[in-house]
Amino acid sequence: MGQIRCNKCGKLILMQDGNRKEDCLKVEKEWGYFSEKDRELHTFYICESCYDAMIRDFVIPVRKQQVNEVV
Ligand SMILES: [Zn+2]
(Lines give C-alpha, C1' and ligand atoms only; values in the text may rest on other atoms or scores of the structure.)
Protein backbone atom coordinates (compact mmCIF):
# COMPACT_ATOMS: atom_id res chain seq x y z
CA MET A 1 0.00 0.00 0.00
CA GLY A 2 1.37 3.37 -0.96
CA GLN A 3 1.27 6.64 0.85
CA ILE A 4 -2.00 8.26 1.72
CA ARG A 5 -2.26 12.01 1.70
CA CYS A 6 -5.08 14.27 2.77
CA ASN A 7 -6.85 15.26 -0.44
CA LYS A 8 -7.61 18.70 0.94
CA CYS A 9 -4.21 19.89 2.23
CA GLY A 10 -1.82 17.19 0.95
CA LYS A 11 -0.52 16.25 4.38
CA LEU A 12 0.94 12.76 4.70
CA ILE A 13 -1.35 10.48 6.69
CA LEU A 14 -0.03 7.00 6.00
CA MET A 15 3.61 6.11 5.53
CA GLN A 16 4.95 3.71 2.91
CA ASP A 17 5.47 0.91 5.45
CA GLY A 18 1.79 0.93 6.35
CA ASN A 19 2.17 2.64 9.72
CA ARG A 20 -0.51 5.20 10.25
CA LYS A 21 0.82 8.56 11.38
CA GLU A 22 -2.61 9.73 12.41
CA ASP A 23 -6.23 8.78 12.02
CA CYS A 24 -8.16 10.20 9.11
CA LEU A 25 -11.50 10.22 7.38
CA LYS A 26 -11.81 7.90 4.41
CA VAL A 27 -14.68 8.56 2.07
CA GLU A 28 -15.62 5.99 -0.50
CA LYS A 29 -18.70 6.67 -2.54
CA GLU A 30 -20.11 4.75 -5.42
CA TRP A 31 -22.30 7.22 -7.22
CA GLY A 32 -25.44 5.61 -8.44
CA TYR A 33 -27.67 5.84 -11.42
CA PHE A 34 -29.57 8.83 -10.10
CA SER A 35 -26.50 11.02 -9.80
CA GLU A 36 -24.69 12.82 -12.58
CA LYS A 37 -21.61 10.65 -11.94
CA ASP A 38 -23.25 7.49 -13.17
CA ARG A 39 -21.52 4.45 -11.60
CA GLU A 40 -18.28 6.23 -10.64
CA LEU A 41 -16.46 5.15 -7.48
CA HIS A 42 -14.92 8.15 -5.70
CA THR A 43 -12.38 7.75 -2.89
CA PHE A 44 -10.63 10.43 -0.89
CA TYR A 45 -8.97 11.02 2.46
CA ILE A 46 -9.33 13.95 4.80
CA CYS A 47 -6.93 14.55 7.70
CA GLU A 48 -8.21 15.36 11.16
CA SER A 49 -7.56 19.10 11.03
CA CYS A 50 -9.28 19.41 7.63
CA TYR A 51 -12.12 17.30 9.01
CA ASP A 52 -12.49 19.67 11.97
CA ALA A 53 -12.53 22.64 9.61
CA MET A 54 -15.12 20.93 7.42
CA ILE A 55 -17.59 20.05 10.17
CA ARG A 56 -17.26 23.54 11.63
CA ASP A 57 -19.24 24.73 8.58
CA PHE A 58 -22.03 22.19 9.10
CA VAL A 59 -25.44 23.71 9.83
CA ILE A 60 -26.37 20.57 11.74
CA PRO A 61 -23.58 19.33 14.00
CA VAL A 62 -22.02 15.91 13.66
CA ARG A 63 -23.60 13.26 15.88
CA LYS A 64 -21.00 12.02 18.34
CA GLN A 65 -21.13 8.72 20.18
CA GLN A 66 -18.60 6.98 22.35
CA VAL A 67 -17.41 3.74 20.82
CA ASN A 68 -16.52 0.96 23.23
CA GLU A 69 -13.10 -0.59 22.89
CA VAL A 70 -13.23 -4.03 21.26
CA VAL A 71 -11.45 -6.48 23.54
ZN1 LIG B 1 -5.76 17.94 5.49
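Model, not experiment: these values are computed from the prediction. Order of listing sets the numbers, starting from 1, for every ligand and every atom in it. The figures that follow rest on heavy atoms only: side chains count, while hydrogens, waters and symmetry mates do not.
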Near the Zn ion (ligand 1), meaning under 2.8 Å, how many protein N/O/S atoms are there? 4

Qualifying residues under side chain to side chain contact (heavy atoms under 4.5 Å, CB included), relative to K37, sequence neighbours excluded: W31, S35, E40, H42

State whether the side chain of N7 and the backbone N or O of Y45 hold a donor-acceptor pair below 3.5 Å, judged by distance alone. yes

Which atom names give the shortest non-hydrogen contact between Y51 and L25, and what distance separates them? CD1-CD2, 3.8 Å

Partners passing side chain to side chain contact (heavy atoms under 4.5 Å, CB included) against F58 (at least two apart in sequence or in another chain): M54, I55, V62

Cluster link I4 to F44, ILVMFWY, side chain under 4.5 Å: no

Results of side chain to side chain contact (heavy atoms under 4.5 Å, CB included) for L41 - residues two or more places apart only: E28, E30, T43

